There are 2 protein chains.
Amino acid sequence: MQRDLKDRLYEQFARIGKALANPHRIEILELLAQSDRTVESLASEIGLSLANASQHLKTLRQAALVESRKDGLHVHYRLADPGVFDLCAVIRAVAERRLADFERLVQQHFGERSDLQPVAMRDLLDRAKADDVVILDVRPAREFEAGHIAGAISMPIDDLQARLRLLPTDREYVAYCRGPYCVYADRAVELLHRSRRHARRLFEGFPEWRAAGFPVARGPEASASKITRSSRRAGSPRQRRART
Amino acid sequence: MQRDLKDRLYEQFARIGKALANPHRIEILELLAQSDRTVESLASEIGLSLANASQHLKTLRQAALVESRKDGLHVHYRLADPGVFDLCAVIRAVAERRLADFERLVQQHFGERSDLQPVAMRDLLDRAKADDVVILDVRPAREFEAGHIAGAISMPIDDLQARLRLLPTDREYVAYCRGPYCVYADRAVELLHRSRRHARRLFEGFPEWRAAGFPVARGPEASASKITRSSRRAGSPRQRRART
DNA sequence: AGCATATTCAAGTAATATATTAAATAGTTG
DNA sequence: CAACTATTTAATATATTACTTGAATATGCT
């Protein structure tokens, strides 16, 4: 009964599913959720051959999940719709809740992270409004420029060590990166702790922040030199807020 | 850098994606979003051989999207997590917005539906609170029992014609079914219109209602005989509300 | 024009997925 | 226990997918 119609509708849904049926393609989508990228840039970041990356992108384009724009020699790919990130996010959520293998993997590699008391998005928003915290975007500059948490300062993880002296020691820092399983923010927090600064990471990454509808900004700007010392108690970090 | 970890994480995500890479498996998931079902029941509804249905269910179980429970001769399958319906919903949303083929298909088969002015979930909730409308669940009784919109009356589409006389002519009706592309509610509205009753369909279906957090109920109950005639103007349907 | 670079395309192969058929298992009924 | 039903498993043919390699295309630069 209506079999033909149903088959055709579900065939369309499965086009999306098929595009998500490969680990490298999901990784491509999550990278594109940070910023546009060229084929070569995606291939080298993920460790794919150029031809292979190009083929995956073709698959994704045929499923209408990405779009491309030609710019001279380069072809820039981008997500076709904010809903594409939702796809990744829901897959991740289900994997977290349901896949024992996934949980084990996370436990092995991020088990110690709970000691670092990641900050929730809502809490960060409140503290940012109170100008209570310095938000550090530790992703590559290109991704910061494509979109970042409003008020954040670009401090790519590779430059952080060299630029530490720009960061007053009496402020509190929250670092964020690409997502909950990206280690950039962990490394940043580690570096900041080593230099006796108070720092935590945002639990999520920028795409989750944007998807939640929290304030974002675009473009370069906000050099670290703008960070002022704490106006509250010069020389000593303010009391840590209680978090449960 | 951290390639090995990333590969393993994305491999897990892709397990979910692979499970969604087949039209019949997506259809199985959407059916299970209505109610638990046995293998045989799924196979016959979808038009699959038993062995084939069993294999698809095995795939879904290995991706931890469904669980099974043995009951005598039968094995009942159910969604493993509410997030699994979210997967279907997000895929559908992306298909609707991005796939031209899908849009064309919908236009061809449901193009005339906009004439019927489907009711939005929010509007239905408001009107239900005001006891302004009779909500008819036109899915099979089994699905109604597994969960339905709070206050709805079970009126399976196959019985509707025979039970029409139980429905006062001076009330307004909203019929709903499995989802936006299920035709049961369309047929119900058509039958009700033919018998000069005022009726519209809910745009979405029960799983969307539940996922939105609107009030639901379980179990049999609520026979049609409980429907009272309108207390406002006996004999004539009340004025239609303006909808834009 | 000639060369370099970025990307796509085409062909081939290995691996994986799908559906069919037949056989095996497990539980129920008489 | 035999007959029956629901489900799973196994075996197989076919189709699809993933990655590699090498060639083709397209653009920009000198």
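Chain A is the first sequence line, chain B the second, and so forth, proteins listed ahead of strands; every chain is numbered from 1. Note that the coordinates shown come from a computational prediction; the quantities given were computed from them, not determined experimentally.
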Starting at [atom1] of [X] and ending at [atom2] of [N], how long is that distance when rounded to a whole Å?
| X | N | atom1 | atom2 | value |
| --- | --- | --- | --- | --- |
| A/Leu20 | C/dA17 | CG | P | 15 Å |
| B/Glu11 | D/dT17 | CD | C1' | 16 Å |
| A/Asn52 | C/dA15 | CG | P | 16 Å |
| A/Arg37 | C/dA6 | CZ | P | 15 Å |
| A/Leu42 | C/dT7 | CG | C1' | 13 Å |
| B/Lys18 | C/dA15 | NZ | P | 14 Å |
| A/Asp71 | D/dA26 | CG | P | 18 Å |
| A/Leu60 | D/dT17 | CG | C1' | 14 Å |

Where the side chain of [X] is concerned, which of [options] is the nearest nucleotide?
| X | options | result |
| --- | --- | --- |
| A/Val39 | C/dT7, D/dA18, D/dC19 | C/dT7 |
| A/Lys70 | D/dT27, D/dT17, D/dC19 | D/dT27 |
| B/Thr38 | D/dC19, C/dT8, D/dT7 | D/dT7 |
| B/Ala51 | C/dT8, D/dT9, D/dT20 | D/dT9 |
| A/His24 | C/dT7, D/dC19, C/dA19 | D/dC19 |
| A/Lys58 | C/dC9, C/dT7, C/dA19 | C/dC9 |
| B/Leu73 | D/dT20, D/dG28, C/dA26 | C/dA26 |
| A/Gln55 | D/dT5, C/dA11, D/dT8 | C/dA11 |

Given [N], is OP1 or OP2 found less than 4.0 Å from the side-chain N or O atoms of [X]?
| X | N | result |
| --- | --- | --- |
| A/His74 | D/dA26 | no |
| A/Tyr77 | C/dA6 | no |
| B/Arg25 | C/dA17 | no |
| B/His76 | D/dA6 | no |
| A/Asn22 | D/dA18 | yes |
| A/Ser49 | D/dT20 | yes |

Yes or no on side-chain contact (heavy atoms from CB on, under 4.5 Å) for A/Leu32 and A/Val84, after CA distance, side-chain angles and deciding distance?
CA-CA 10 Å; A/Leu32 293 178; A/Val84 178; over 6 Å; no
Heavy atoms under 4.0 Å, any strand shown: does A/Ala53 hit a base, just sugar-phosphate, or nothing?
nothing
With nearest nucleotide decided by heavy atoms, which residue, A/Ala21 or B/Ser68, maps closer to the 5′ end of DNA chain D?
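This one resolves to B/Ser68.
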The single option from B/Glu208, B/Glu204, B/Glu45 that satisfies salt bridge (charged side-chain N to carboxylate O under 4.0 Å, His left out) with B/Arg178 is B/Glu45
May I ask you to check whether A/Phe206 and A/Phe144 place their ring centers less than 6.0 Å from one another?
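That pair fails the under 6.0 Å test.
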Is it true that, when you exclude A/Arg69 itself, more than 12 heavy atoms of the residues, nucleotides or ligands shown sit nearer than 6.0 Å to its CZ?
yes
Would you kindly say whether B/Arg15 and B/Gln12 are connected by a side-chain donor-acceptor distance under 3.5 Å?
yes
Looking only at side chains, do A/Asp137 and A/Tyr176 share a donor and an acceptor under 3.5 Å apart?
yes
